[in-house]
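Each remark here refers to the structure printed beneath this line.
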Number of protein chains: 2
Amino acid sequence: MGSQGGGRQPKYQRIALELKAAIETGEYGPGDRLPGENDLMAAHAVARMTARQAIGVLRAEGLAEARKGAGVFVREYRPIRRRGVQRLSAGLWGEGRSVWSMDAEGWDLKLDSVSVAEESPPEAIRSLLGLAEGAPVCLRRRRYALNGRPVMLATSHLDAGLVAGTAITEIDTGPGGIYARLGEIGHRPVRFREEIRSRMPAPLETDRLSLPAGTPVVLIRRTAFTEEGTAVEVNDMVLDSSAYILEYDFTP
Amino acid sequence: MGSQGGGRQPKYQRIALELKAAIETGEYGPGDRLPGENDLMAAHAVARMTARQAIGVLRAEGLAEARKGAGVFVREYRPIRRRGVQRLSAGLWGEGRSVWSMDAEGWDLKLDSVSVAEESPPEAIRSLLGLAEGAPVCLRRRRYALNGRPVMLATSHLDAGLVAGTAITEIDTGPGGIYARLGEIGHRPVRFREEIRSRMPAPLETDRLSLPAGTPVVLIRRTAFTEEGTAVEVNDMVLDSSAYILEYDFTP
DNA sequence: TAGTGGTCTAGACCACAGT
DNA sequence: CTGTGGTCTAGACCACTAT
């Protein structure tokens with residue numbers, strides 16, 4: 001028949017809409033198997049590519065997930081609540097506890113992999129840290145996993161000269177982490193700025209976070225300032241958007 | 001030839017990668033026209049559907065935008081900086097200025113459409129506002145546009161009983177907006193909470209924000225509390241993620 | 001009108017999962 | 001094994017844009 005055939009809206013959209021409605025009414029719950037390509041071809045008398053396209057709509061909206069050789073399944077959404085302000089209270093990281101242990105109340109969020117390096121920073125970060133051109137930064141790359149599933153990548157940038165000789169350049173930064181160590185050398189962070197963006201992930205992020213198609217990432221750039229107003233750390237984070245709700249409390 | 005043919009990675013991914021590299025090196029700048037389906041078919045000796053798939057990768061990542069009958073073009077990214085804390089300083093909205101006028105420094109962000117209604121709220125919002133079951137809320141739906149392009153939808157929910165008879169139920173809330181009017185009736189908001197999520201847009205959001213494929217939305221739910229700790233307003237916002245950077249400053 | 005992207009067909013081979 | 005989704009082909013008609 002070529003093009004649209006019967007209705008005025010594309011077949012694949014009609015099929016996608018029908019599937020979405022079935023999910024919304026609870027006919028298919030989180031984790032349930034949806035009709036696959038062959039089912040849709042038979043049920044709607046369309047070609048494989050058309051059935052695929054319908055499924056593609058749900059995938060792009062993050063509603064469904066295709067597992068090769070197994071089928072198409074309804075996605076689940078159970079985010080962690082990340083409190084932007086309280087979690088950085090000095091009382092918490094000042095003595096012992098990691099900044100991250102509060103992230104997932106009762107859940108099992110843990111450090112998955114760490115690497116430390118010294119590199120030449122991108123211009124934007126270099127100028128934030130107030131470093132001279134060509135000055136190296138200490139880079140701490142980390143990945144966090146929730147119940148075994150990776151949910152966040154974090155990369156901290158610090159003046160390499162400033163932190164040389166401290167535990168910040170070690171894999172294990174010790175009790176209280178980076179901020180406690182910075183305090184010990186007279187650069188205790190007291191003020192923070194978090195900048196938030198969102199976009200679709202780059203292939204490398206898709207890979208490192210095992211993201212299914214249709215899941216955006218949230219980017220947080222946190223800059224930590226000392227009492228004097230100097231930026232001592234820039235932490236670039238990449239979050240699986242389906243894993244997080246960010247919360248900020250403030251009294252302007 | 002069937003399946004993968006030459007290399008070990010799919011043809012469409014190789015083609016997509018090549019296009020992305022060309023964008024990254026600046027060969028194609030923002031707004032430039034990219035090779036279209038026909039160009040890619042000729043250049044790589046592939047079928048139309050394969051060329052389409054390659055372009056689909058760039059669209060899904062938000063890098064390119066297809067305009068029917070015209071071609072495929074490199075997307076632009078020029079976000080507004082939205083300061084979460086300072087923008088709510090009472091000094092700003094206390095006398096006259098709108099909370100929103102600060103959003104876009106020098107840009108032309110303006111209210112695009114407003115509607116006011118009284119409805120029965122969803123359970124989550126009803127309980128946030130501490131209302132009895134079945135109690136109605138005053139709903140203010142607004143859309144904001146930046147240089148004519150819609151970038152945000154906002155829906156405020158307030159206790160209908162509380163705001164009855166005030167300008168909050170009018171299209172024009174008067175100088176200082178909702179928060180100034182709440183102050184006048186003894187419910188001045190002093191504390192705010194913003195919760196942030198991100199996901200792919202629903203079709204209705206895609207439509208109202210004119211979003212190209214591959215653009216996530218950012219959801220902000222702001223709850224405004226009085227000195228007594230009562231929630232007086234819940235504002236649900238839907239932002240075009242490519243139009244915004246959110247900024248939060250705090251001293252924990 | 002010529003060219004573009006949007007949609008669609010009816011086949012095909014492959015890698016992978018569980019059935 | 002069978003069935004699944006992933007990839008690919010070589011055609012086709014349509015609506016839309018720009019000339």
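Throughout, protein chains are lettered first and strands after them, A, B, ... in sequence-line order, and every chain is numbered starting at 1.
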To the side chain of Asn38(B), which of dT4(C), dT9(D), dC16(C) is closest? dT4(C)
Heavy-atom donor-acceptor pair, Thr206(A) side chain to Ala202(A) backbone, under 3.5 Å: yes
Report the distance from atom CE of Met41(B) to atom C1' of dG11(D), rounded to the nearest whole Å. 10 Å
Which of dC8(C), dA15(C), dC8(D) is nearest the side chain of Pro10(A)? It is dC8(C)
Rounded distance in Å - CD (Glu37(B)) to P (dT9(D)): 14 Å
Residues Val151(B) and Leu209(B): closest non-hydrogen pair is C-CD2, 3.6 Å
Would you mind telling me which of dC8(D), dC8(C), dG5(C) lies closest to the side-chain atoms of Gln53(B)? dC8(D)
Would you mind reporting whether Arg208(B) and Ser113(B) have side-chain heavy atoms less than 4.5 Å apart? yes
If you look at every strand shown and take non-hydrogen atoms under 4.0 Å, does Arg52(A) touch a base, only sugar-phosphate, or nothing? base
Asn235(B)-Arg140(B) side chain donor-acceptor pair, cut-off 3.5 Å: no
Between Arg193(B) and Glu247(A) (salt bridge meaning N to carboxylate O under 4.0 Å), is one present in this structure? yes
Note: for Lys68(A) and Ala45(A) on DNA chain C, the residue whose nearest nucleotide lies more 5' is Ala45(A)
Looking at the side chain of Ala70(A), which of dT7(D), dC8(C), dA17(C) is the nearest nucleotide? dA17(C)
Measure the shortest side-chain to side-chain distance between Ile55(B) and Arg59(B) over non-hydrogen atoms and say whether it is less than 4.5 angstrom. yes
Does dC8(D) have OP1 or OP2 sitting under 4.0 Å from an N or O in the side chain of Tyr12(B)? no
May I have the distance from Ile15(B) (atom CD1) to dT9(D) (atom P), rounded to whole angstrom? 8 Å
From the list dT9(D), dG5(C), dG5(D), which nucleotide is the closest neighbour of the side chain of Val72(A)? dG5(D)
Atom pair distance, as rounded to whole Å: CD in Glu65(B) and P in dG5(C): 13 Å
Just wondering, do His157(A) and Asp236(A) contact through their side chains at under 4.5 Å, heavy atoms? yes
On DNA chain D, nearest-nucleotide positions of Met49(A) versus Ile55(A): which is more 5'? Ile55(A)
Whole angstrom value for the distance that separates P of dG3(D) from CG of Asp39(A): 12 Å
The helix from dT1(C)-dA18(D) to dG18(C)-dC1(D): angle between terminal helix axes, five bp per end, to the nearest 10 degrees, reads 10°
Closest to side chain of Arg48(B), choosing from dG5(C), dA15(C), dT7(D): dG5(C)
For atom CZ of Arg59(B) and atom P of dG5(C), their distance in whole Å: 10 Å
How close or far is atom C1' of dG5(C) from atom CZ of Arg33(B), stated in whole angstroms? 10 Å
Would you kindly say whether Arg75(B) and Thr215(B) are connected by a side-chain donor-acceptor distance under 3.5 Å? yes
Between Thr50(B) and dT7(D), is there a contact of a side-chain N or O with OP1 or OP2 at under 4.0 Å? no
